[in-house]
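Here is the structure we will look at.
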Amino acid sequence: MDVGRPGRRDPAVRLRTARRRPPFWEENDAGEVCVWGTVLAWDPPRTFAFAWLIGPDWKVPPPDATGSRVTVTFTHTETGTRVDLVHDQLDAHGTGWEGVRDAVAGEGGWPAGLRLYAATV
């Protein structure tokens, strides 16, 4: 299973108040599951953070994958809510980490995700 390939179902996020870190995961039509992140911080309604486990090869990460960090912060404003997303510690992915940085910063990465979020809420 390659991450982001056709045949995958909608991503899912399992957020619960269990002691273990719940995963971010996707499942393809064949039933293969890719856990691509784990929750690092959960502080509604202000912020959440998760480890991004997808590396430069864009393959399903191994269970012991080291991840970068994505932090999303929500701030109330007079006109609504400001959403800030910071994806840092990308060098944790090792050789080729710059490709991950460029992909998530590109038009199909976080900018597209934030536009979709804004159009949905």
Side-chain angles (χ1 to χ4, degrees):
M1 175 177 168
D2 283 351
V3 178
R5 298 278 188 230
R8 67 189 176 113
R9 297 180 186 159
D10 290 333
V13 178
R14 301 287 174 132
L15 298 174
R16 5 179 220 273
T17 56
R19 291 188 137 218
R20 67 186 188 90
R21 292 186 279 177
F24 288 64
W25 58 277
E26 295 181 26
E27 180 179 359
N28 67 14
D29 291 337
E32 298 170 310
V33 174
C34 171
V35 174
W36 54 265
T38 57
V39 175
L40 300 173
W42 181 249
D43 185 22
R46 293 179 284 288
T47 190
F48 73 94
F50 62 94
W52 173 276
L53 303 176
I54 304 295
D57 63 0
W58 297 95
K59 301 284 186 189
V60 175
D64 62 346
T66 301
S68 51
R69 181 181 61 197
V70 178
T71 304
V72 183
T73 305
F74 303 90
T75 306
H76 176 73
T77 68
E78 290 182 19
T79 58
T81 302
R82 176 185 166 131
V83 179
D84 292 299
L85 184 145
V86 175
H87 191 161
D88 60 4
Q89 299 178 2
L90 286 144
D91 59 340
H93 296 290
T95 303
W97 69 267
E98 298 91 341
V100 176
R101 177 200 59 206
D102 295 345
V104 299
E107 271 307 302
W110 292 124
L114 289 170
R115 282 192 303 275
L116 178 61
Y117 175 77
T120 303
V121 295

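Position 1 is the first residue of the sequence; numbering continues from there. Because the structure is a prediction, the values reported are computed rather than measured.
- Looking at heavy atoms from C-beta onward, Val35 lies out of side-chain contact with Pro61 at the 4.5 angstrom threshold.
- Cluster annotation: Leu53 and Trp58 are assigned to distinct hydrophobic clusters (Ile/Leu/Val/Met/Phe/Trp/Tyr, side-chain heavy-atom contacts under 4.5 Å, transitive).
- Heavy atoms only, all atoms of each residue included: Glu107 and Ala112 are closest at O-CB, 3.1 Å.
- Side-chain N/O atoms of His87 and Trp110 include a donor and acceptor closer than 3.5 Å.
- Annotation for Pro111 and Gly106: closest pair CD-O, 3.3 Å, computed over non-hydrogen atoms.
- Contact between Trp97 and Leu90 at its shortest, heavy atoms only, is CB-O, 3.2 Å.
- For Thr47 against Val72, the heavy-atom pair with the smallest separation is OG1-O, 2.8 Å.
- Follow the hydrophobic side-chain contacts under 4.5 Å out from Phe74 and you never reach Val86; the two are in separate clusters.
- Here the two rings, on Trp25 and Trp36, have centers that are 6.0 Å apart or farther.
- Inter-residue side-chain proximity for Trp52 and Phe24 is flagged as unmet; no heavy-atom pair is nearer than 4.5 Å.
- Note that the CG atom of Asp84 and the OG1 atom of Thr71 stand 10.5 Å from one another [nearest 0.5 Å].
- Clustering ILVMFWY residues whenever any of their side-chain heavy atoms sit less than 4.5 angstrom apart, transitively, puts Leu85 in the very cluster that holds Val121.
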Original post:
Which is it for Val100 and Ile54 under the side-chain contact (heavy atoms from CB on, under 4.5 Å) test, yes or no, and what are the steps along the way?
Top reply: CA-CA 8 Å; Val100 176; Ile54 304 295; over 6 Å; no
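- A pairwise comparison of heavy atoms in Leu40 and Arg69 identifies CD1-CG, 3.9 Å as the closest pair.
- For Ala92 against Gly67, the heavy-atom pair with the smallest separation is CB-O, 3.6 Å.
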